Structures are given as structure tokens and as C-alpha cells.
Amino acid sequence: MGKRPQEAGSGPSQRQLRVAEEVRHALAAVLARGDFRDPDLAGAHVTVTEVRASPDLKHMTAFVSGLGKDLPEPQFRALKRAAPFLRSQVARAVRLKFAPDLHFQPDTALDYAMQIDRALKQPEVVRDLAPRSEDDAGEGA
């Protein structure tokens, strides 16, 4: 019997997760060295928060941010321009049959978490989430 195709909605395979994490480490190491000719990337502090691999491992999407904030647009564009160079560096560090194409996306998880935190602190939400006393529970029944 051959391998069965990955079922829709079942999430990434262990191999995808492992390879994506290796690529994340390799990208982080290259970005930490900072040896770029592009002046927009010179001195940039880019954090690779996550990498997601396609099922065939030929495409990797790297989620990036600045140090605790959004990556400025000029640096984000420069990162996209540097993708071929970064691809070659990743290919040297991670042994794969094919060097993956790298795609970059801004990481918005921190912004989203801060939005949720602000929403949870609103007085109406705090009131609704407060534990109910026994007296309150009996009134609505």
C-alpha cells in the first residue's frame, strides 16, 4: 500500500512541521548575520516567528516582524527582493531535494492578541465575564 493523501483539514504533517522549523532556524540565522547589500535591510532586526510549508515542501511562507512591532514597509519590500539570496542560504543550511521558494507575510498575531486583550478589558465584557453569584443565578430561572 502506498501513502494515503493528506485529508483536508487534518493539518500539516510531522515532516512539514519539522522542515518548516528547520527553515525558520536557517532564515533566522541568515537574518541575524545581516550580511545584505540592500541598504533597506542593513541593520534591520527581523524576527521570523513562524514558517509554514506546503505539502510538497517546495514553498515556505515565513511570517516576519520587527522586534516586537510591525516590520516597516521598506524593509518588508527589501526582504521580498532578497528572497532569491535567502533561498540559496536556506538551501545550503537545510538539506532538501528542492530549494523551497520563500514567501514572506507580516506576522499580525501580536496585533491580534493586543486587540483581544483590549476587548476583554472593556467594562461590558468584564461585567459579562464576572462570576455569577448564587442570587443572580436564581433570578433568571
Side-chain angles (χ1 to χ4, degrees), residues 1-137 139-141:
M1 287 183 91
K3 291 171 103 177
R4 71 174 190 220
Q6 188 172 343
E7 296 174 27
S10 64
S13 69
Q14 286 299 313
R15 184 165 189 251
Q16 281 174 276
L17 294 171
R18 181 183 52 79
V19 171
E21 188 62 15
E22 286 182 39
V23 169
R24 188 184 73 77
H25 282 280
L27 267 176
V30 173
L31 292 169
R33 283 197 310 264
D35 51 355
F36 298 103
R37 287 187 224 139
D38 193 319
D40 287 332
L41 283 178
H45 296 286
V46 180
T47 302
V48 182
T49 56
E50 181 184 0
V51 172
R52 293 183 189 161
S54 66
D56 63 3
L57 303 178
K58 290 184 180 180
H59 298 274
M60 303 278 168
T61 302
F63 292 86
V64 295
S65 68
L67 286 176
K69 60 185 188 287
D70 289 341
L71 198 60
E73 187 60 33
Q75 288 180 351
F76 189 72
R77 284 195 308 269
L79 197 57
K80 286 186 171 189
R81 286 193 304 268
F85 168 75
L86 293 168
R87 178 183 189 211
S88 69
Q89 296 298 304
V90 166
R92 286 190 188 129
V94 180
R95 293 286 174 214
L96 293 170
K97 189 173 186 177
F98 301 99
D101 287 330
L102 299 175
H103 309 279
F104 296 96
Q105 291 290 322
D107 185 5
T108 57
L110 183 61
D111 293 337
Y112 183 69
M114 288 172 36
Q115 265 184 321
I116 298 295
D117 188 54
R118 279 193 300 273
L120 289 173
K121 289 180 179 174
Q122 291 180 350
E124 309 82 47
V125 176
V126 170
R127 181 193 68 224
D128 291 345
L129 293 177
R132 295 176 61 176
S133 68
E134 301 244 347
D135 295 337
D136 293 343
E139 290 176 11

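We number each residue from 1, following the sequence as shown. Here the structure is a predicted model, which means the values were calculated and not measured.
Note that CD of Gln89 and CZ of Arg33 are 5.5 Å apart. Values are rounded to the nearest 0.5 Å. The line from CE of Met60 to CD of Glu50 is 12.5 Å long, rounded to the nearest 0.5 Å. Atom-to-atom distance recorded for Asp56:CG and Gln16:CD is 8.5 Å, nearest 0.5 angstrom. Note that CZ of Arg52 and OG1 of Thr61 are 8.0 Å apart. Values are rounded to the nearest 0.5 Å.
Among Leu71, Leu79, Val46, the single residue meeting the side-chain contact (heavy atoms from CB on, under 4.5 Å) criterion with Phe104 is Leu79. Results of the salt bridge (charged side-chain N to carboxylate O under 4.0 Å, His left out) test with Asp40 over Arg81, Lys80, Arg77 single out Arg81 as the only residue that passes.
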Using residues 21-28 as the side-chain source, report each donor-acceptor pair under 3.5 Å to any protein atom, sequence neighbours left out, with the distance given to one decimal.
| unit_1 | atom_1 | unit_2 | atom_2 | d |
| --- | --- | --- | --- | --- |
| Glu21 | OE1 | Arg24 | NE | 3.3 |
| Glu21 | OE2 | Arg24 | NE | 3.1 |
| Glu21 | OE2 | Arg24 | NH2 | 2.8 |
| Glu21 | OE2 | His25 | NE2 | 3.1 |
| Glu22 | OE2 | Arg18 | NH1 | 3.0 |
| Arg24 | NH1 | Val48 | O | 3.3 |

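Salt-bridge formation is not detected for the pair Lys58/Asp101: no Lys NZ or Arg NE/NH1/NH2 atom is positioned less than 4.0 Å from an Asp or Glu carboxylate oxygen.
Surrounding CD of Gln14 are at most 12 heavy atoms belonging to other residues, nucleotides or ligands under 6.0 Å away.
Legend: residues meeting side chain to side chain contact (heavy atoms under 4.5 Å, CB included) with Arg95, ordered by chain and number and at least two apart, are absent.
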Between Leu57 and Lys97, is a side-chain contact (heavy atoms from CB on, under 4.5 Å) present by the stated rule, with each step listed?
-> CA-CA 9 Å; Leu57 303 178; Lys97 189 173 186 177; over 6 Å; no
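Formation of a donor-acceptor pair under 3.5 Å by the Thr49 side chain with backbone atoms of Phe63 is found in this model. Checking side-chain atoms of Ser65 against main-chain N and O of Asp107 turns up no donor-acceptor pair under 3.5 Å.
For the pair Phe36/Leu86, a side-chain contact is recorded, criterion being any heavy-atom separation below 4.5 Å from C-beta on.
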